[in-house]
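Order of the sequence lines fixes the chain letters, A, B, ..., with proteins taken first and strands second; residue numbering starts at 1 for each chain.
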Amino acid sequence: MSVNTPRLRFSPAPTGFLHIGSVRTALYNWLHARHVGGTFILRIEDTDVARSTQESVDQIQQVLHWLGLEWDEGPYLQSARFDAYLAAAARLVDESRAYECFCTEAEVKERNEIAMREGRPPGYDGRCRHLTVDERAARRADGLAVSIRFRTPDDGRSSFTDLIRGEVSVEWSTISDFVIVRSNGTPVFFLANAIDDLDMEITHVLRGEDLIDSTHRVLALRHALGHDDQPIYAHMPLILGPGGGKLSKRHGAVSVEEYRDAGYLPSALLNYLALLGWGPDDDREILRNDELIAEFELERVNTSSATFDPKKLEWMNGEHIRAMTLADLVSAVLPFARTRYADRLDVPRFERAVNLAQERATTLVQIAEQMAFLFTPDDQLEVDPQSWDKLVKVERAGTILDTVIDFVENCEWSDQIDPRGVIEALGVKPGKVMHVLYTAVEGRSQGLPLFDSISMLGRESALVRLRAARSRL
RNA sequence: GCCCCGUUCGUCUAGAGGCCUAGGACGCCAGGUUCUCAUCCUGGUAACACGGGUUCGAAUCCCGUACGGGGUGCCA
């Protein structure tokens, strides 16, 4: 009805953590809204009072904020609009487009199971469809619980145009009457969804493919409510776990919080998710948010479901880390450093270490861990067993350490303490034994560049560590 | 069971009838650069699910089969 700006909504159910698939739905809605200058609305679909939690409502908003998917309107809570839905349901009953149903959930379920067993299609059998006024009154007098069921058309087809898939249609006879108000008096998704999209003048509905079949029911409801116009629908492919099937906990992290805590950047997560089912029309893979917005085309979204690949996400996160300014990266790593070595953190050294780690890390957590040796007291430095084994096997390891200790003791101090000369003088190729020094100084045979590391630690601390390794030999 | 949607390298994808002896990216493998590791560079591996049509010509269009996913809830 409004022919003004496009209006889109992300409408999660607050029944748990925000799944990575839901995040992509939010992202595509947001991207399209921003791309066309539309309005992005957050609507919480909490009609299932029993399963919805305030905690989840808060979490959804936190996660969206963290990702930078800011909404323009809302959050609207459906639980605050029950009156509107119930009034509409009452109207539908008056008009005979819906009817009171006295079957209990358990009864319907049982009948469905019997039908399945006997090879008949399941679905509501229409038992309460044609009750007379008297029959209804009698049942109510018996104190039976009442739900309201929508009467679906008996024949004909339902169809709509999907922006991604084209025409989607189905035979009405395969869709049975469905509940729109539970016997506890609360409205069901289909009803609330239909009414809200109407009231909020939603123009584009982008959601997961799992909702494609429910579209027909929502459309029938809209029609019954007096609206024959349809929003533009686009059903996006689902995200599968490695090996196919639902992406679930057994595949690793499936909630955004887990990725955030593992040191992933919002920009990388968004970039990766955007590319799962869509791509710009050139070969670019690393895209900033503003580039995603500029390039995003709903018409280019794929039709087939995609498998989530943690490896590629990790690579992409590394790319985003490398693309950051040092100042941004420093503040991004800071919280991770604080939780690890809060009081020992010294800022100039931290910044220098971040700078060194930037080109060799894929997550923020990795960066924080790579520099841990800098903020660990000398006597608490943990030496990685494998690295130590490797050190022990080096011929003349003791001599090498002695020589380097002597060098570090007497050399002129600078920001690059390079012991290669004295090692070479021993007749040993420095490259082959450098891991000895890494292990002694950093606790691992691999890590931040050694010359910088010794310099950052300072002469005294470096000597303590080298001597500790020497005497442990 | 019935209904809906889908099917290009292991994975994400390009491909809208001839430009495809199918391109890019991740991964993997092999080299190179480098103070370690990583980054980076070079090269390699590897795919149009199958069967019928339509057409001079099909990865691209149609039909069927197989396979995968979703729905069939008083969940959303």
Side-chain angles (χ1 to χ4, degrees), chain A residues 11-13 15 22 45-48 50-51 101 103-106 108-109 112 115-124 145 147-149 162 164-165 168-171 173-176 178-184 186-190 192-193 207-216 235 237-238 240 242-246 272 275-279 281-286 302-316 318 322 357-362 366 370 387 416 418-420 423 430-431 433-439 442 444-453:
Chain A
S11 44
T15 53
S22 304
E45 305 216 321
D46 56 348
T47 53
D48 187 350
R51 295 208 297 172
C101 176
C103 302
T104 67
E105 186 178 5
V108 172
K109 200 175 163 195
N112 276 340
M116 290 273 264
R117 235 178 291 133
E118 294 175 353
R120 288 179 288 116
Y124 186 64
S147 61
I148 296 176
R149 234 172 238 284
D162 188 291
I164 297 173
R165 289 156 213 281
V168 177
S169 91
V170 66
E171 201 80 51
S173 60
T174 64
I175 301 178
S176 57
F178 56 93
V179 170
I180 54 176
V181 178
R182 298 182 183 87
S183 54
N184 69 4
T186 60
V188 169
F189 161 73
F190 302 104
N193 191 270
R207 29 139 66 158
E209 195 190 346
D210 52 336
L211 290 168
I212 200 163
D213 290 309
S214 78
T215 306
H216 298 102
H235 288 91
L238 266 20
L240 272 29
K246 271 197 181 118
Y272 179 71
L275 259 43
L276 221 46
W278 170 84
D281 61 6
D282 53 32
D283 276 346
R284 279 178 300 163
E285 301 243 30
I286 305 300
N302 289 136
T303 48
S304 55
S305 36
T307 302
F308 188 81
D309 180 6
K311 279 271 183 49
K312 187 154 184 176
L313 203 211
E314 195 180 332
W315 163 76
M316 196 168 270
R322 258 156 254 132
Q358 180 167 24
E359 66 183 35
R360 70 192 65 239
T362 55
Q366 254 181 39
Q370 276 177 355
S387 301
Q416 290 291 309
D418 180 355
R420 278 177 303 182
I423 294 174
V433 298
M434 208 54 90
H435 66 88
V436 170
L437 305 180
Y438 275 87
T439 301
E442 304 188 22
R444 299 182 58 98
S445 61
Q446 58 203 47
L448 261 28
L450 185 74
F451 310 161
D452 290 272
S453 298

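With 3.5 Å as the limit, one finds no donor-acceptor pair spanning the side chains of A/Ser176 and A/Arg149. Inspection of the A/Asn302 and A/Ser304 side chains reveals no N or O donor paired with an N or O acceptor under 3.5 Å.
Residue A/Ser445 is in base contact, counting any heavy-atom pair closer than 4.0 Å across all strands shown. Within 4.0 Å (heavy atoms only), A/Lys109 reaches no atom of the nucleic acid at all. Within 4.0 Å of A/Cys101, counting heavy atoms only, lies no atom of the nucleic acid at all. If you check every strand for non-hydrogen atoms under 4.0 Å, A/Phe190 touches a base. In this structure, A/Leu450 reaches the bases: a heavy-atom distance under 4.0 Å links it to at least one base atom across the strands shown. Note on A/Thr186: nothing from the nucleic acid sits closer than 4.0 angstrom, heavy atoms only.
Across all strands shown, B/C67 forms a Watson-Crick or G-U wobble pair, both distances under 3.5 Å, with B/G6. Pairing partner, B/C28: B/G44, with both Watson-Crick or wobble hydrogen-bond distances short of 3.5 Å. In this entry B/C56 has B/G18 as its Watson-Crick or G-U wobble partner, both defining distances falling under 3.5 Å. B/A38 is unpaired under the criterion used here, namely a Watson-Crick or G-U wobble arrangement in which both key atom distances are under 3.5 Å.
Nearest-nucleotide positions on RNA chain B for A/Met434 and A/Gly123 put A/Met434 closer to the 5' end. Nearest-nucleotide positions on RNA chain B for A/Tyr124 and A/Leu211 put A/Tyr124 closer to the 5' end.
Residues passing the salt bridge (charged side-chain N to carboxylate O under 4.0 Å, His left out) test with A/Arg165, sequence neighbours excluded: A/Glu209. Applying the ring pair (Phe, Tyr, Trp, His ring centres under 6.0 Å) test to A/Tyr438 and every residue at least two apart in sequence or in another chain returns nothing.
The existence of a salt bridge linking A/Glu118 and A/Arg120 is confirmed by a sub-4.0 Å separation between a basic side-chain nitrogen and an acidic carboxylate oxygen.
Residues A/Leu238 and A/Lys246 are not in side-chain contact: their nearest non-hydrogen atoms beyond the backbone lie 4.5 Å or more apart. Put simply, the side chain of A/Met434 reaches to within 4.5 Å of the side chain of A/Arg420, judged on heavy atoms.
In summary, contact between chain A and RNA chain B, defined as any nucleotide atom under 4.0 Å from a heavy atom of the protein, begins and ends at B/G1 to B/A76 in the 5' to 3' direction.
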